[in-house]
Amino acid sequence: MYKHNFYTALCAVLYIALSLVWSTQVQAHPYQPAVGLITQIDNHQYELTLKLPVVAGEHTKIIPKLTHGGKIQLLSSQNSIDGFGMDLQRYLLVFPTTDTTPMITFQGLNNIQLLTQTTSQHGQINTLELYKGHNQLLLAGKVSTWATVKLFVSLGITHILTGIDHLMFVAGLLLFTRDFRTFLKAITCFTLAHSITLSLSALNLIHVPEPPVEAGIALSILFLCYELTRPNNKHQPTLSRRFPWLISFSFGLLHGLGFASALKAAGLQQTSIPLALACFNVGVEIGQLIFLSILLTILKICSKIAFFQQRIFQQVPLYIMGIMASFWFIQRIYIVFH
């Protein structure tokens, strides 16, 4: 009854996810904010580096303006050529000598947020998130540590809740385990593993290119789908059936490298990484708990509806997961070799 109910519950979740994902061109990548790195040169000059996400060929456009006047000079511009990744733009900002409160207004923050990090001449670092309706950055201002904590916890929550591939693996893990106790052990191993590689990658202790990591994440979902469609021989169980924690830990190492992409894309100063890493990881875990809470709630509801007890609903979620993961795998392998 446990496994049957989880199939029906997950089916409803994946039907919703499928409609949302296909409506956005089947993009499994988590939401990625734009990044603005600002370094003070002297009292009136700053260098700004904008990292603008490119998704399926759509280039993000954000334009900096000096609120109180001054001059902006474009130093360099580098566009992504494969339809993914980041566009890079470097600017020199020259404020009027009479301006004691230098401020930048960022135009174009309609459907995207801008994560800014300002480094003063003395090494003081301020991190702030800008968005539509709150698009002005006061360079002379100071951001509290608590505000930075909230920012990166929020970024971690958003990152996993918008990463349909990560969520699908967690849902598949729920189907793969035999009972709730086994699932708790497996998800604990998954959490431990992705925390390890997230930390090592964010601290630049290991480096693995993003395209093969993303392809591997899609492959991890395909593996779970394959194992779930195989008959479960209780007398001669497969290695993955006997040790689901081993599967979750192994693939968790891979998913951790994927989680790290959000922090690495931000290009944070080395001194900012420990706090950002800890808060981001907490956010990822909170987001994972939110998803599981929603999934278990739907489980309870679906278990009481006769319509979802039909046999067809036991296989539908696996086919949905397999088709979507196959598409992502082919798409990402293409990027690896091109």
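Throughout, residue positions are numbered sequentially from 1 according to the sequence presented.
- Panel note: side chain Gln107, backbone Ile63; no donor-acceptor pair is recorded below 3.5 Å.
- Under the 4.5 Å side-chain criterion, counting only non-hydrogen atoms from C-beta, Leu37 is in contact with Lys51.
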Item to check | Leu50/Phe106 under side chain to side chain contact (heavy atoms under 4.5 Å, CB included): CA gap, chis, key distance, verdict | outcome: CA-CA 11 Å; Leu50 283 179; Phe106 292 94; 4.1 Å; yes
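- Linking ILVMFWY residues whenever their side-chain heavy atoms come closer than 4.5 Å, directly or via other members, leaves Trp328 and Tyr319 in distinct clusters.
- We find the CG-CD1 distance between Leu92 and Ile41 to be 5.0 Å, quoted to the nearest 0.5 Å.
- A donor-acceptor pair under 3.5 Å is absent between the side-chain atoms of Asn126 and the main chain of Thr118, judged by distance alone.
- Taking His194 as the reference, Glu285 meet the side-chain hydrogen bond (donor to acceptor under 3.5 Å, both in side chains) condition, with sequence neighbours excluded.
- Contact check for Thr145 versus Leu275: side-chain heavy atoms found under the 4.5 Å cut-off.
- More than 12 heavy atoms of other residues, nucleotides or ligands sit less than 6.0 Å from atom CD of Gln121.
- Taking CG from Leu228 and CZ from Phe223, the interatomic distance works out to 9.5 Å, rounded to the nearest 0.5 Å.
- Ring planes of His166 and His159: tilted class, angle from 30 to 60°.
- Contact check for Leu155 versus Pro33: side-chain heavy atoms found under the 4.5 Å cut-off.
- Side-chain contact between Ile38 and Leu137: present, with at least one pair of heavy atoms (C-beta onward) separated by less than 4.5 Å.
- Between atom CG of residue Leu224 and atom CG of residue Leu175 there is a gap of 9.0 Å, rounded to the nearest 0.5 Å.
- When all heavy atoms of Ser248 and Cys189 are compared, the pair lying nearest together is OG-CB, 3.6 Å.
- Cluster annotation: Leu296 and Ile298 are assigned to the same hydrophobic cluster (Ile/Leu/Val/Met/Phe/Trp/Tyr, side-chain heavy-atom contacts under 4.5 Å, transitive).
- In this structure a side-chain-to-backbone donor-acceptor pair under 3.5 Å is present from Thr116 to Leu128.
- Using a 4.5 Å heavy-atom threshold, the side chains of Phe329 and Ile333 count as touching.
- Ile286 CD1 to Ile290 CD1: the interatomic distance, rounded to the nearest 0.5 Å, is 7.0 Å.
- Residues forming a side-chain hydrogen bond (donor to acceptor under 3.5 Å, both in side chains) with Gln89 (at least two apart in sequence, or on another chain): Tyr91.
- The two atoms that bring Ser195 and Asn281 nearest to each other are OG-ND2, 3.2 Å, heavy atoms only.
- Leu48 and Leu138 are not part of a single hydrophobic cluster, where members link through side-chain heavy atoms under 4.5 Å apart.
- Taking the six-membered ring for Trp and the full ring otherwise, the centers of Tyr46 and Phe95 sit less than 6.0 Å from each other.
- For the pair Gln117/Ile125, a side-chain contact is recorded, criterion being any heavy-atom separation below 4.5 Å from C-beta on.
- The backbone N or O of Met103 sits less than 3.5 Å from a side-chain atom of Thr67, completing a donor-acceptor pair.
- Although no hydrogens or angles enter the test, the distance criterion places no donor-acceptor pair under 3.5 Å between the side chain of Ser154 and the main chain of Lys150.
- When the side-chain hydrogen bond (donor to acceptor under 3.5 Å, both in side chains) test is applied to Asp87, the partners found at least two apart in sequence or on another chain are His59.
- Shortest non-hydrogen contact noted between Ala193 and Gly252 is CB-C, 3.6 Å.
- Under a 3.5 Å cut-off, the side chain of Ser201 and the backbone N or O of Leu198 do not form any donor-acceptor pair.
- Looking only at side-chain heavy atoms (C-beta outward), Ile187 and Gln288 come within less than 4.5 Å of each other.
- Summarising the geometry of Thr177 relative to Pro244, their closest heavy-atom pair is CG2-CB, 4.4 Å, with the distance given to 0.1 Å.
- Using a 30° and 60° split on the angle between ring planes, Phe190 and Phe259 fall in the perpendicular class, above 60°.
- Remark: aromatic rings of Tyr131 and His134 are close, center separation under 6.0 Å.
- Note that CD1 of Ile112 is 13.5 Å distant from NZ of Lys61, once rounded to the nearest 0.5 Å.
- Across Pro64 and Ile72, no two heavy atoms sit closer than the pair O-CD1, 3.1 Å.
- In this structure, Phe243 and Trp245 have perpendicular ring planes: the angle between them is above 60°, well past the 30° mark.
- How far CG of Leu109 is from CG of Leu114: 5.5 Å, rounded to the nearest 0.5 Å.
- Residues Gly287 and Ile157 approach most closely at N-CG1, 4.2 Å, considering heavy atoms.
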